[in-house]
Every structure is written in structure tokens, then in C-alpha cells.
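In this text, all values refer to a predicted model and were calculated from it rather than measured experimentally.
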Amino acid sequence: MSGKDLVLLTKRISERSVKGEIDTARKIFDEMPHRDCITWNVMLRSYIENHRISDAQDMFESMHEKNTVSWNSMIMAYARERKMHIALKLFFIMPDKDVTSWTTIISGLSRDRQITDAWRLFKLMPEPNSISWSAIISGFQQNGLASKTLILFRQMLSVGIRPTPHSFTSVFTASADVAAHSIGQQLYSQCIKVGFEGNTHVGNSAISMFVKSGNLDFARGIYVGLPQPDIVTWNSMIVGYGQNGYGVESVLVFHQMQKAHFLPDSISFLGVLQGCSHCGLVEEAIQYFRNMKMGYGISPGPEHYACIVDVLSRAGFVKEALMIILKMPFEPTAIFWRTLLNGCKIWGNLNLGMFAAARVLDLEPHNSSACLMAIEIYSSVGRFTDALDMRRRMNQREAKKEIGYSWVDINGKVPLFTTRDETHAESENIYNTLELLYYDMQ
């Protein structure tokens, strides 16, 4: 067999694999009079890409000559299938590990919530590159360790490693998680410095970061500057405006998206409904809600129903909101009854408010907010005896209000605090300063 024939047959195996015709690909492989290591690896990857890991393992074991690609393919296959014990075994017995081997196993451990082991292996890597750093940074972010993610990113820069777009998306998400607005600005400045401001995925992550911190001007600046915005870009702005109370802006971007020939999806409608809810745009919300199914064939989910119930309840249409709840194609959860109860509290509808409160307490017996709203309804109409009785029932149920936290970004650090909090090391000086400010305001 000539070298040209070998290449052609190997290419045919790959083409059949892409089409899912794995048995045909195997037949071509078996009929070949001669196979080199590349041919074996192509067939091996064919099994892996078609999720036939058992067949891939049999082929791997029958290979007379395995190279680094062969080992990495199997490690990647088992890591993708979340069978990390097998992937680790292959990794440790692998004769020649390269940076791909290390990075694959670190990523697999991170996805499997074994971030401590992933970090331990990363520190043993001979020469981690930018992809390896990106993998461990992403791993910490995916495991909810936002502060460590930001520290690692800074450490990566200090050793002269150039960030990848993926590492930027990870640190933008981490920055949003800790509400570190000043750090977010610094990170985006670094992103511009390395030339990734036009990358759509990076831009989308930056938009989400600034949206979560409430800095919509920064978010809009990135959105306007992206050369190729995608549906995620549009949705980020629609949802961002909607969640932050800019209903009109949310609606405008929703329509701009369609003019740009992007069809709205369920997230687009959720964002615009949230915007309508915050701004009391009742008729518009009803129109968008109906148009989801009738105009775009999108079935509203629980989150869309929650928005329309909130819109109607806030505007005083509590009976209409009740009808929506009762006609939903699924059982209402406590959030729907809490939303209706809040509307009844605002508009003083005692009877329906008590009904909604009872539904909340049936589903969440220790829900303090429902009890407190019921107390407010009774008090607003002068039924103080009933309010006191509800207070006693609240105590008997051992319902406790969840502690509310506030935070402030100071030089890149985000201290959390509650009312009369004295856990901060500088609490005494903080309260003394507040007292001085209080007297200055008199």
C-alpha cells in the first residue's frame, strides 16, 4: 500500500465517523492491509466521538504502538464521561506526559468537583502554559471559589503568562460573584491591553459582569463596541436592563435585536418581562407574554409566569394574577403565592391576601416573609388582634427572618456586614467615624 492510499483510507474513516457511520469506518479500518499510528488514532477518536468508550478502550489495548495522542485521547474520553478514576490511572501510567495530558486531567478533576486534587496536580506541572493556567482558573471559578480565581489570575500575570479569552471569561464571572466593581474595571482594562475587547465571548462575560454590579453604562459601552454581537450579547443587555429596573431600555433593545435579524428566545422574553414588571408596563407585558407562544412558538416557563403574575400583582390586578396562577400548566410553587401576597399587601386585598398567605405557609411552613406580609395586611385595615395572633403563630412555627447582608467594595476587597455588626477588625473606628458623621449632619 502506498502512502497516498493510506492517507486516503484514513481520511475515509474520519469522514464516516463524522457522519456517525462508525461501523462502516471500522470495516474500512479492518480491510486496510497496512495501518500506521495515525490511522489507529483516527479510528480511536472515531469511537470516542461517537461515545463508544468501551470499543475505544478495546482498540487502545490492542494497539501495538501508542503515542502521546493515543494516551491523551483516552484520558480525555474518560474525563469527559466523568470517570476520573480511570482517567487518573491512565495519566499516572502514561510514559510521556505533555502539557495536553496535564491540562486535560486538571480540567477533568475541576469539572468533577475535585478542585483540591486539580490544584495539587497543577503545582506539579513542569511548565504550565496559558491553556493550563486558564484551566485551573476556570476550575476554581466553576467550583465557586471566586476570590481564589482572582488571586490565581493575578499570579498568572506576575509570572509573565499571557491570558487567554477563556481565562478572562472566568475572572469576569468571578468578579461579578464577589461584586468587586473596581476589580472588574481593572480586569477589563487588562482585557483591552491584550487586545480581546472585540472577542464576542469575552465581551459577553464583561457585559454580564458590569450588569450584575449595576454599571449599565460600562455594559452598554462594551455592547455597542462588539463587532459581532450574538444572541447572548443581546440577551445580556435585555436582561440587564430589565433586572435593574430600566424597563423602557429593555424593550428598546428587545426590538433592536429583532431589527438586527436575531429572533428572541425564552431568555429574551424573560428579560423584557422583567423590565415590564419593574416599570409597571402591564399591557406591554401581557402582549409579550401572549406573543411568546403565538408569534414565536416558545412555551412560557415558570419564570415567565412568575414575571406576568408579578406585573399584574404590582399593578393591582390581583384577581387576574390569581387566574393566571390557577391556569398554569404546572403546580404553582411558593414564589407565585408570595408574589400574589405582596400585591395583596400593596393594594389592601385582605381576603385574597389571607388565601395567598395560607398557600405559602402550606408549602413553606417556616417562611417568615409570608407571616410578616400577612401581619401588615391585618394592621393596614385595623385588625390588630388578628395581626397579634399571626405574630404568635409565627413564633410557634419558629419562623425566622433571614439576615440581610450589605457589602462595600474597598480597594478591591468586599467586606460583608449586617445591622450592628461588630465582626470587622476596625469596627470601633468605623462606628466612631459614623458617629462623627451623624453629628455633622445635625
S.K.: Go through the steps for N204 and I222 under the test side chain to side chain contact (heavy atoms under 4.5 Å, CB included), then give the verdict.
M.R.: CA-CA 8 Å; N204 290 342; I222 298 168; over 6 Å; no
S.K.: About how many Å separate CD1 of I53 and CG of D58, when rounded to the nearest 0.5 Å?
M.R.: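 So the CG of D58 and the CD1 of I53 are separated by 11.5 Å.
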S.K.: How long is the straight-line distance from CD of E21 back to CD of E15, given to the nearest 0.5 Å?
M.R.: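 E15 atom CD to E21 atom CD measures 10.5 Å (nearest 0.5 Å).
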S.K.: Quick check for you: to the nearest 0.5 Å, what is the distance between M84 atom CE and Q114 atom CD?
M.R.: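 M84 CE to Q114 CD: 6.5 Å, rounded to 0.5 Å.
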S.K.: Under a 4.5 Å cut-off applied to non-hydrogen side-chain atoms, are S208 and T173 in contact?
M.R.: no
S.K.: Mind checking whether F254 and F269 have ring centres under 6.0 Å apart?
M.R.: yes
S.K.: Any idea how F172 and Y188 line up, ring-wise: parallel (<30°), tilted (30 to 60°), or perpendicular (>60°)?
M.R.: tilted
S.K.: Could you tell me whether R220 and D217 have a side-chain N and a carboxylate O separated by less than 4.0 Å?
M.R.: no
S.K.: Is it true that the side chains of D98 and S101 contain a donor and an acceptor less than 3.5 Å apart?
M.R.: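 Yes, a side-chain donor-acceptor pair sits under 3.5 Å.
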S.K.: Which label fits F262 and W234: parallel for a plane angle under 30°, tilted from 30 to 60°, or perpendicular past 60°?
M.R.: tilted
S.K.: How long is the gap from CG on D112 to CG on D117, to the nearest 0.5 Å?
M.R.: 9.5 Å
S.K.: Where is the tightest heavy-atom contact between V211 and N244, given as atom of each residue plus distance?
M.R.: O-ND2, 3.5 Å
S.K.: Would you please classify the geometry between the F355 ring and the W337 ring as parallel, tilted or perpendicular, with 30° and 60° separating the classes?
M.R.: perpendicular
S.K.: Under 3.5 Å, is there a donor-acceptor pair linking the side chains of Q287 and E283?
M.R.: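 Distance-only check fails for Q287 and E283.
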S.K.: Taking all atoms of both residues into account, what is the closest heavy-atom pair of I48 and S73, and its distance?
M.R.: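 In this case the closest contact between I48 and S73 is CD1-O, 3.4 Å.
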S.K.: Side chain to side chain donor-acceptor pair (under 3.5 Å) between S132 and N129: does it pass, once the steps are laid out?
M.R.: CA-CA 5 Å; S132 311; N129 62 8; 2.8 Å; yes
S.K.: The criterion is ring pair (Phe, Tyr, Trp, His ring centres under 6.0 Å); which residues satisfy it with W102, sequence neighbours excluded?
M.R.: F91
S.K.: Determine all donor-acceptor pairs shorter than 3.5 Å in which one atom belongs to a side chain in residues 313-335; sequence neighbours excluded.
M.R.:
| unit_1 | atom_1 | unit_2 | atom_2 | d |
| --- | --- | --- | --- | --- |
| S313 | OG | V309 | O | 2.8 |
| R314 | NE | D310 | OD1 | 3.1 |
| R314 | NE | D310 | OD2 | 2.8 |

S.K.: Look at R359 together with D362 and state whether they make a salt bridge at an N to O cut-off of under 4.0 Å.
M.R.: yes
S.K.: Could you give the distance from CG (N50) to CZ (R45), rounded to the nearest 0.5 Å?
M.R.: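 With rounding to 0.5 Å, CG (N50) is 11.5 Å from CZ (R45).
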S.K.: Which heavy atom of S138 sits nearest a heavy atom of H166, and at what distance?
M.R.: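 Of all heavy-atom pairs spanning S138 and H166, the closest is OG-NE2, 3.3 Å.
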